[in-house]
Structures are given as structure tokens and as C-alpha cells.
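Below: the structure, in C-alpha cells.
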Amino acid sequence: MTVCVVGSGGREHALARVLARSDDVVVAPGNPGMPSSPGDGGPAHPIRTTPAPPEALEADRFVIGPEAPLVDGLADRLRAAGRRVVGPGAEGARLEGSKAFMKEVLAESGVPTARFGTFDRLEPAREFLRTLPGPWVVKTDGLAAGKGVTVAGTIEEAEADLAAKLSGAAFGDAGRRVVVEEGLAGPECSLLVLCDGRRVAPLAPAQDFKRVGDGDTGPNTGGMGAYSPVPDVDAGLVDELVETAVTPLVATLRRRGIDYRGVLYAGLMLTGDGAKVLEYNVRFGDPEAQVVLPRLASDPVELLVAVAEGRLGSVADRVRFAPDPAVCVVLAAAGYPGSPRTGDPIGGLAPDGQPATAVPGVTVYHAATRRSGDGRFTTDGGRVLGVSALGPDLGEARRRAYRASGSITWEGRQLRLDIAEAAAGGAGSGGATAARSGATR
Ligand code: AMP
Ligand code: GLY
């Protein structure tokens with residue numbers, strides 16, 4: 001039986017490739033870099049794409065990748081038609097669809113989070129800002145593709161940002177309500193868990209790089225790279241984080257009558273005062289999926305079906321990961337995260353969309369590519385490709401990801417050169433320096 005992955009980005013490409021280890025996969029709508037057949041050197045089962053709406057597909061099992069269709073109730077509609085679905089219904093997806101709702105549920109669950117207020121008018125929001133020591137954080141209530149959060153170093157910057165959001169000028173209706181909160185400091189960690197409505201099973205922790213520039217400079221993006229596992233977050237700490245940040249939340253959801261079956265993603269900051277939740281997402285992270293899923297050593301279809309059927313208990317002790325770390329470097333178009341330039345021909349990809357130059361352990365996940373008449377790939381959005389590499393250690397995984405990244409170029413390509421650098425103790429930086437040659441910054 002075919003598994004359907006809903007979405008078209010790098011995360012969905014990673015989902016398709018891992019699921020195709022054990023079953024045929026169709027991605028709706030997918031992108032031109034995704035199709036593969038076992039002969040291509042890809043996974044054991046074929047991956048195809050379809051422009052048909054998910055509801056029209058014969059498939060019985062669905063994994064919904066992005067937040068927007070979840071917030072829009074796609075999981076409810078598919079379940080109403082008797083399908084097995086990984087992804088919460090619209091009520092559960094409000095955790096991501098409204099940061100104000102998320103904060104309310106966190107507070108009700110006693111989960112540690114930054115001190116906050118929710119506002120739809122400027123004056124009370126400004127007053128609250130002045131009670132915080134700074135840095136000051138202003139977040140759109142609604143969805144903003146990972147770009148709706150501003151961490152301001154001065155109160156003037158925070159006030160200007162508040163005005164731009166609340167007026168609708170910056171993010172339309174998504175910003176007419178905002179969450180204002182205290183700035184926290186510390187390393188971040190993305191902890192993704194599978195949840196079947198009652199039980200949770202953690203996946204391997206990952207770290208994402210949200211700012212566009214090296215050294216965490218510049219505006220926030222959807223994510224410029226990631227690695228897994230995170231050396232400082234061992235199995236004991238994962239259990240602790242699940243206990244403090246996830247289990248109480250799932251209990252609150254149940255009390256509210258929400259049967260949450262899908263992936264819960266806790267964005268955590270490990271502060272001097274303990275771990276605090278910055279946000280919840282209701283899906284796999286992108287690019288976290290591109291480093292967590294390739295490491296999965298359990299049967300992916302069996303796991304996801306157990307989530308959809310509410311019987312994670314029968315398989316949860318079997319969520320296993322390979323020890324080899326993974327590093328993903330995102331190659332983005334000129335102009336991202338503002339208005340990206342599109343239509344640039346991409347050099348260094350073979351006809352199957354994988355690197356023309358073989359580097360061991362590397363998979364290129366397509367996020368925003370188009371195929372032109374002559375079969376070549378061109379850029380078609382902000383985050384274009386995710387170059388992921390597995391290696392025997394973090395330094396080697398990094399070296400491989402950057403070596404392959406250096407062989408894939410186009411006009412104006414942007415990439416960060418410090419993905420996983422600190423965690424790898426600087427190892428693999430030679431590859432990053434070489435990757436710069438094709439980059440413009
Ligand atoms: P969010 O979408 O809420 O995860 O925010 C995106 C990014 O903004 C996070 O990954 C952090 O890097 C940063 N951020 C969010 N909230 C805070 C906060 N309270 N203090 C400091 N940085 C934050
Ligand atoms: N990488 C951040 C996210 O998926 O929201």
C-alpha cells in the first residue's frame with residue numbers, strides 16, 4: 001500500500017526517502033527533485049509526485065508535512081474519510097497556528113516558558129515592553145514561515161517592530177495580534193516527539209540555525225542548517241525534557257478533548273535557569289527532518305502507522321537511531337529571507353537531482369527547484385536545496401556536507417559556513433572554506 005506525504009519542501013523529500021525504505025511513496029504535490037526509482041541508487045521503493053489534491057488519492061496512510069494544511073484542517077478531513085493520518089487536526093494545530101493559544105496552553109500545563117503578554121493594541125503592548133529588562137522579543141500570533149519573530153536589542157527597535165506588526169504592514173493579519181516576551185539566552189535544541197494522543201516517543205534531538213548569517217547574525221529564516229544528535233543533550237536530558245516540556249502539554253490537550261496524533265516539536269532554550277519552551281510546532285522541523293530522519297534505524301512506516309492508530313505503546317521502545325551523526329547545510333537563493341531571486345540555473349546536479357560529484361553519505365533534499373525544458377534544475381524559491389551528510393563523527397559529516405555543497409552552485413547562492421561548527425569543535429571547517437568558493441558571501 002502506498003504512503004502519501006503531503007507537501008513540497010526539503011522536509012517532505014526527507015520523509016519520502018525514509019518512508020520509501022519500506023513502502024511505495026507518493027508526494028502531493030512534491031517537487032521535481034523528488035521522484036526516484038530503486039534503480040537510481042535511491043531507497044528500495046519508488047517515490048512519485050502528483051498534482052492531485054490529497055483527498056483525491058487512493059492512499060490509506062498520510063503524513064502531512066507543513067503547518068498550513070494542518071491548521072486548515074486537512075487531517076480532520078482525511079480522518080473523516082477513514083484514512084490513517086500522522087498530523088494533528090485543526091484544534092491541535094492551533095498550537096502552531098496561534099502563538100497566543102500556545103502560550104495559554106503552556107501556562108495551563110505549567111511548562112517553563114518566557115514571561116509574556118498577548119496584545120492587539122499598541123499602547124498596552126508598549127507598556128508591557130517597558131516592564132521587561134531586554135532583549136525584547138515580539139512575535140506574530142499567526143503563521144509567518146518562521147520569520148515573524150524579532151529579538152530586539154533596544155526598546156526602540158522593539159517598539160518599531162510592534163508598530164509594524166500590529167498595523168498589519170509587516171505580516172498582514174498574522175501580525176495584528178502579537179506575543180511580547182522576555183528575551184532568553186542559551187543554546188537551542190529542537191526536540192521532536194511522536195505522539196499518538198496519549199503516549200510520546202522522543203526522536204533524536206537536533207539543533208537548527210535560524211539566522212541567515214554566520215555567527216547567528218541577520219534576520220530569522222525558516223532554518224539555514226541543522227545537525228543531529230546534539231552532544232550536550234544526552235538520553236538522560238531528553239527524558240527530563242520530555243517530562244517537563246512535553247508530557248504535561250499532552251495531558252492538557254487531552255483535558256481539552258484534543259486527540260493529538262502526529263509530531264510535536266518543542267523548540268527549547270537551555271537557559272541558566274533550566275530548559276524553557278520557545279515555541280511548539282505541530283510537525284517535523286525543516287531542516288531538522290533532513291538530519292533526524294536519515295538516522296532513523298526503526299521501520300518508519302510501522303512507527304508512523306502506530307502514531308496514526310493511537311498504539312505507539314506497541315512500538316515505542318523501538319524508536320532507534322543509528323549512531324552516525326548527520327549535518328544539513330541549506331543552500332538558499334539570493335535575497336532570502338526577503339524576496340528570493342528565482343529562475344537561476346543550478347550547476348553541479350546530476351539528472352536525478354543528486355550531486356554530480358559523488359561524496360559518500362550525502363543526500364540532496366530538494367526544497368524549491370524547478371525543472372526547465374532541457375531537464376536542468378533551476379531555483380524556485382528561498383531555501384532551494386538541503387545538502388545532508390551522514391558521517392562516522394560530526395566533523396566528518398560536516399566535511400562531507402560542505403564538500404558536496406561546494407560542488408553545487410548558482411548565481412547568488414547563500415549558505416552559512418558555521419553549521420555544527422561549535423558542536424564539532426571546529427572539525428570539518430576545511431570543507432566549509434572550500435564550499436565558500438561557489439558562494440557569494
Ligand atoms: P520561535 O519561532 O518562537 O521559535 O522563534 C524563532 C527563533 O527566535 C528561536 O529559535 C530563537 O532563536 C529566537 N527566539 C524566540 N523566542 C525567544 C526568546 N524569548 N528569547 C530569545 N530568543 C528567542
Ligand atoms: N526549523 C524550524 C522549523 O521547522 O520551524
Side-chain angles (χ1 to χ4, degrees), residues 7-14 27 29-34 49 65-69 140 142-150 161 164-165 169-172 174-175 208-226 281 283 285-290 328-349 353 355 364-373 376-388 401-402 404-419 432 435-441:
S8 65
R11 162 186 48 214
E12 288 75 32
H13 196 182
V27 192
N31 70 46
M34 291 181 181
T49 60
E67 59 277 17
T140 59
L143 293 181
K147 301 172 204 161
V149 174
T150 303
D161 189 70
K165 282 179 175 148
F171 290 94
D208 175 25
F209 293 74
K210 291 233 167 62
R211 304 283 191 125
V212 73
D214 286 347
D216 291 330
T217 52
N220 270 324
T221 69
M224 291 297 290
N281 293 320
R283 49 168 176 84
D286 186 341
E288 288 91 332
Q290 291 90 310
C328 176
V329 175
V330 169
L331 307 185
Y336 182 75
S339 303
R341 199 172 82 194
T342 59
D344 285 304
I346 302 173
L349 288 180
V364 171
Y365 296 111
H366 286 236
T369 57
R370 181 184 284 267
R371 221 161 185 171
S372 56
R376 287 187 59 179
F377 290 97
T378 58
T379 63
D380 197 34
R383 292 191 294 170
V384 177
L385 298 169
V387 180
S388 278
Y402 277 113
S405 296
S407 72
I408 302 168
T409 57
W410 65 86
E411 179 98 28
R413 161 175 77 92
Q414 308 188 59
L415 79 171
R416 274 183 70 158
L417 299 176
D418 61 348
I419 304 302
R436 191 196 300 271
S437 58
T440 55
R441 25 165 255 101

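Excluded from the calculations below are hydrogen atoms, water molecules and symmetry mates; all remaining heavy atoms, backbone and side chain alike, are included.
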Partners passing salt bridge (Lys or Arg N to Asp or Glu O under 4.0 Å) against Arg11 (at least two apart in sequence or in another chain): none
Considering all heavy atoms, the nearest Gly7-Val27 contact: O-CG1, 3.4 Å
Flag, side chain of Tyr402 to backbone of Val329, donor-acceptor distance under 3.5 Å: no
Gap separating the CG atom of Asp286 from the NE2 atom of His13, nearest 0.5 angstrom: 12.5 Å
Shortest non-hydrogen separation from Ser405 to Val387 and the atoms involved: OG-CB, 3.6 Å
Approximate separation, where rounding is to 0.5 Å, of Ile346 CD1 and Thr378 OG1: 6.5 Å
side-chain contact (heavy atoms from CB on, under 4.5 Å) involving Ala368 - partner list, sequence neighbours excluded: none
Sequence-distant partners of Pro32, side-chain contact (heavy atoms from CB on, under 4.5 Å), two or more places apart: Thr369, Arg371, Phe377
Pro337 versus Val212, closest heavy-atom pair with distance: CD-CG2, 3.9 Å
Stepwise side-chain contact (heavy atoms from CB on, under 4.5 Å) test for Lys147 and Thr221: CA-CA 6 Å; Lys147 301 172 204 161; Thr221 69; 5.8 Å; no
Asp344 CG to Arg413 CZ distance, which is reported to the nearest 0.5 Å: 12.0 Å
Any side-chain heavy-atom pair of Arg416 and Asp216 under 4.5 Å: yes
Atom pair OG1/CG of Thr379 and Leu331 - distance to nearest 0.5 Å: 11.5 Å
Set of residues satisfying side-chain contact (heavy atoms from CB on, under 4.5 Å) with respect to Ala367, sequence neighbours excluded: none
Partner residues of Arg370 under the salt bridge (Lys or Arg N to Asp or Glu O under 4.0 Å) criterion, sequence neighbours left out: Asp380
Distance-minimising heavy-atom pair for Leu415 and Val330: CB-O, 3.7 Å
side-chain hydrogen bond (donor to acceptor under 3.5 Å, both in side chains) involving Glu12 - partner list, sequence neighbours excluded: none
Tyr336 backbone acceptor or donor facing Gln414 side chain under 3.5 Å: yes
Test item: Arg383 side-chain N/O and Gly222 main-chain N/O as donor-acceptor pair under 3.5 Å: yes
Set of side-chain hydrogen bond (donor to acceptor under 3.5 Å, both in side chains) partners for Asp161, sequence neighbours left out: Thr150, Lys165
Residues which pass side-chain contact (heavy atoms from CB on, under 4.5 Å) with Asp208, listed by chain and number, not counting sequence neighbours: Ser190, Lys210, Tyr265, Pro287, Glu288
Arg211 side-chain N/O to Asn220 backbone N/O, donor-acceptor pair under 3.5 Å: no
N/O donor-acceptor pair under 3.5 Å between Asp214 side chain and Leu417 backbone: yes
By side-chain hydrogen bond (donor to acceptor under 3.5 Å, both in side chains) - contacts of Ser407 (at least two apart): none
Which residues share a side-chain hydrogen bond (donor to acceptor under 3.5 Å, both in side chains) with Arg376, sequence neighbours left out: none
Distance-minimising heavy-atom pair for Gly10 and Gln290: C-NE2, 3.3 Å
Considering all heavy atoms, the nearest Thr140-Gly175 contact: CG2-CA, 3.9 Å
Backbone N/O of His366 and side chain of Asn31: donor-acceptor pair under 3.5 Å: yes
